[in-house]
Amino acid sequence: MKTSWRSASLAAGAVAVLALTTACGQDNGGGTPVSQNVGATAPAGGGYSGLGNPGYGTGAKEENSATRTATAGELTVADNPELGEVLTDSAGFTLYRFDKDTAEPPKSACDGDCAKAWPPVPADDATAGAGIDDSMLGEVTRADGSKQLTIGGWPAYRYAKDTKAGEVNGQGVGGTWYALAPDGKKAKLSSLPGLSVRHDTNLGDIIVDKNGMTVYRFLKDEAWPKPVSACTGACLAKWPAVAPVETNDTKGVKKKGLMSFTRPDGVKQQTVNCWPIYTFSGDKAPGDINGQGVGGTWYAVTPEGKPVGAPKQ
């Protein structure tokens, strides 16, 4: 009887280890990284997608010059999955507002290099389409004498790095640029799942939390045979652990290894593919990826739980 009991215990233990191995850590170490190396040496607190520091971004490409001068035509309302109702021009390009501007009275604070990265929308021929109150449309005379469209008093801009209709790459840039809602207010985040996927033009599909903030992995963490976080103390203050999320409160995220674990300090933390996940205190607005590549150890996460652009190990 004793031998039989011992054999059964060993067999049960083997099954438990096999189950844990299947659930966590099948990709060794840091996992198989995505073959991108975007921002691998990005410093903490840098601008979104490597944009410049003045709060408006730089590096606008010349092929976007048509976007800078095109008239608005009939404005439309687009339904963005992350931002709700967003105002666009007749070609479907997102319109933005700048926090350093004023609406009462309307005044633009974006000139020079700023206006190259954020082309002012001409007031000529702009009309209100369906779902837009015509009284919201107005104009302001810029320093160069040109007339700029205003929405609810706020000067309207396009973003030179939006190269396709429907893109919202300017959302949150510098913590001062935001997509316009039809009433001139900032477009607000719609109700997002606990974890979901957004497409970043530089990184591809990455996971974001319920607030639309980018989620990251730490290469010093472990996933096998169980999740272990190497980020404690001051590190955890800078890289807050993502709280547990119900499996049915996710969208587009791989379900395997989607679980939580209890840290040594008693705090429960979410994992994707068994790897602990975090947000970054240096990201100030949805869409920011300032944590990408910090220290060569922090990387955004694919829907499968892989670190985007991490060096091969």
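Atom set for the values below is all heavy atoms of this structure, side chains included, hydrogens, waters and symmetry mates excluded.
- In this structure, P155 and Q148 approach most closely via the heavy-atom pair CB-NE2, 3.5 Å.
- At a threshold of 4.5 Å between non-hydrogen side-chain atoms, the residues S260 and Q270 count as touching.
- For K186, the NZ atom counts as densely surrounded, since its 6.0 Å shell holds more than 12 non-hydrogen atoms of other residues, nucleotides or ligands.
- Side chains of D101 and Y157 form a contact here, defined as non-hydrogen atoms less than 4.5 Å apart.
- Side chains of M136 and D183 form a contact here, defined as non-hydrogen atoms less than 4.5 Å apart.
- The minimum heavy-atom distance linking A165 with A91 is given by the pair CB-O, 3.4 Å.
- Counting heavy atoms from C-beta outward, K255 and T247 have side chains that approach closer than 4.5 Å.
- Under the 6.0 Å cut-off for aromatic ring centres, W177 and Y159 do not qualify, their centroids lying 6.0 Å or more apart.
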Tell me, with the steps shown, if C274 and F261 meet side chain to side chain contact (heavy atoms under 4.5 Å, CB included).
-> CA-CA 9 Å; C274 297; F261 72 102; over 6 Å; no
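- Residues Y216 and T214 have side chains in contact (heavy-atom distance under 4.5 Å, counting atoms from C-beta outward).
- Of all non-hydrogen atoms in A126 and L137, the two that sit nearest each other are O-CD2, 3.9 Å.
- Taking NZ of K100 as the reference point, atom OG of S108 lies at 12.0 Å (rounded to 0.5 Å).
- In terms of hydrophobic clustering, with Ile, Leu, Val, Met, Phe, Trp and Tyr side chains grouped at heavy-atom distances under 4.5 Å, L149 and V140 are assigned to different clusters.
- Here NZ of K185 is found 9.5 Å from CZ of R97. Values are rounded to the nearest 0.5 Å.
- Judged by distance alone, the side chain of T150 and the main-chain N or O of E139 form a donor-acceptor pair under 3.5 Å.
- Side-chain atoms of T141 and K147 include a donor-acceptor pair closer than 3.5 Å.
- Remark: side-chain polar atoms of S90 are paired, donor with acceptor, to backbone N or O of A72 under 3.5 angstrom.
- Checking side-chain atoms of R158 against main-chain N and O of T94 turns up no donor-acceptor pair under 3.5 Å.
- Hydrophobic clustering (ILVMFWY, side-chain heavy atoms < 4.5 Å, transitive): V308 and V242 are in distinct clusters.
- If you check the side chains of Y278 and D209, you find no donor sitting under 3.5 Å from an acceptor.
- Ring centers of F98 and W154: at least 6.0 Å apart, outside the cut-off.
- One hydrophobic cluster holds both I207 and V245 under the rule that ILVMFWY side chains link at heavy-atom gaps under 4.5 Å.
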Given W239 and F218, is the ring pair (Phe, Tyr, Trp, His ring centres under 6.0 Å) satisfied, shown in steps?
-> CA-CA 9 Å; W239 300 88; F218 188 31; 7.8 Å; no
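- The closest side-chain donor-acceptor pair between T76 and T88 falls under 3.5 angstrom.
- Residues L195 and M213 are members of separate hydrophobic clusters, defined by side-chain heavy-atom contacts under 4.5 angstrom among Ile, Leu, Val, Met, Phe, Trp and Tyr.
- Here the closest non-hydrogen pair linking P119 and A160 is CD-N, 4.0 Å.
- Here the side chain of N80 pairs no donor or acceptor atom with the backbone of V86 at under 3.5 angstrom.
- Of the possible polar contacts, none joining the T250 side chain to the V253 backbone as a donor-acceptor pair under 3.5 Å is found.
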Going through the distances and angles, do R198 and D205 end up as a side chain to side chain contact (heavy atoms under 4.5 Å, CB included)?
-> CA-CA 6 Å; R198 71 174 288 270; D205 288 342; over 6 Å; no
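- Contact check for K306 versus V301: no side-chain heavy atoms found under the 4.5 Å cut-off.
- No donor-acceptor pair under 3.5 Å is formed between the side chain of N273 and the backbone N or O of W275.
- A donor-acceptor pair is defined here as one N or O able to donate and one able to accept, closer than 3.5 Å; such a pair exists between the side chain of Q292 and the backbone of A300.
- At distances below 3.5 Å, not a single donor-acceptor pair connects side-chain atoms of K251 with backbone N or O atoms of N248.
- Nearest approach of G131 to P182, heavy atoms of both residues: O-CB, 4.1 Å.
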Please assess T262 against K268 for the test side-chain hydrogen bond (donor to acceptor under 3.5 Å, both in side chains), listing each intermediate value before the final yes or no.
-> CA-CA 4 Å; T262 302; K268 290 186 179 295; 3.0 Å; yes
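- Side-chain N or O atoms of D283 include one that pairs as donor or acceptor with a backbone N or O of N290 at under 3.5 Å.
- Here the side chains of V215 and I206 are not in contact, with every heavy-atom distance at 4.5 Å or above.
- Distance OG/S281 to NZ/K238: 6.5 Å, rounded to 0.5 Å.
- For D125 and T71, the side-chain atoms include at least one donor-acceptor pair closer than 3.5 Å.
- Residues L87 and I132 form a side-chain contact, since some pair of their non-hydrogen atoms from C-beta on lies under 4.5 Å apart.
- Inspection of the E167 and N169 side chains reveals an N or O donor paired with an N or O acceptor under 3.5 Å.
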Take T271 and I277, measure what side chain to side chain contact (heavy atoms under 4.5 Å, CB included) needs, and give me the verdict at the end.
-> CA-CA 6 Å; T271 72; I277 56 173; 6.0 Å; no
Decide side chain to side chain contact (heavy atoms under 4.5 Å, CB included) for V197 and V208; before the verdict, give the C-alpha distance in whole Å, the side-chain angles of both, and the deciding distance to 0.1 Å.
-> CA-CA 6 Å; V197 177; V208 297; over 6 Å; no
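- In the hydrophobic clustering of ILVMFWY residues, with side-chain heavy atoms under 4.5 Å counting as a link, L180 and V121 come out together.
- Listed here is the closest heavy atom pair of G153 and P106: O-CB, 3.3 Å.
- Checked against the 6.0 Å centroid criterion, the rings of F280 and W298 do not qualify as a close aromatic pair.
- For the atom pair OG of S196 and NZ of K210, the computed distance is 12.5 Å after rounding to the nearest 0.5 Å.
- A side-chain contact (heavy atoms from CB on, under 4.5 Å) with P227 holds for exactly one of M259, R263, Q269; it is M259.
- Atom-to-atom distance recorded for K254:NZ and E304:CD is 6.5 Å, nearest 0.5 angstrom.
- With hydrogens and angles ignored, the 3.5 Å screen pairs a side-chain donor or acceptor of D221 with a backbone N or O of A230.
- With values rounded to the nearest 0.5 angstrom, T302 atom OG1 is found 8.5 Å from R217 atom CZ.
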